[in-house]
Amino acid sequence: MHFDNLNYNEDDGLISIEDLRALRLRKKKIESDKKARKYILDINQRYRKMITRKSNNFLRNMNPFKKAV
């Protein structure tokens with residue numbers, strides 16, 4: 001029996017216990033990696049949003065026609 005990530009070729013239709021455990025662990029690892037990537041993506045999006053808001057406010061406050069106090 002040969003495994004290619006999650007797609008495996010079944011020669012005889014039977015999977016050994018070790019192969020089932022390996023497949024289950026591989027699926028869990030893939031799911032946890034997906035969750036981690038999604039979490040990091042969310043953090044990066046919030047950071048980008050915050051930075052763009054700050055830069056927009058900075059440029060808006062640098063209005064050359066604004067009177068000095």
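We use all heavy atoms of the structure for the numbers below, so side chains are in, but hydrogens, waters and symmetry mates are not.
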Rounding to 0.5 Å, atoms CG (L14) and CG (D19) come to a distance of 11.0 Å
Listed partners of K35 passing salt bridge (Lys or Arg N to Asp or Glu O under 4.0 Å), at least two apart: none
Answer yes or no: are there more than 12 heavy-atom neighbours, outside I17 itself, under 6.0 Å from its atom CD1? no
Restricting to side-chain hydrogen bond (donor to acceptor under 3.5 Å, both in side chains), what partner residues turn up for K29, sequence neighbours left out? D33
Side chain to side chain contact (heavy atoms under 4.5 Å, CB included) against Y39, all qualifying residues, sequence neighbours excluded: I43
Non-neighbouring partners of E18 that pass salt bridge (Lys or Arg N to Asp or Glu O under 4.0 Å), sequence neighbours left out: none
Hey, what else clusters with Y47 if you join Ile, Leu, Val, Met, Phe, Trp, Tyr whenever side-chain heavy atoms sit under 4.5 Å? M50, I51
Among residues two or more places apart or on two chains, list those pairs meeting salt bridge (charged side-chain N to carboxylate O under 4.0 Å, His left out) that have a residue in residues 42-52. K38-D42
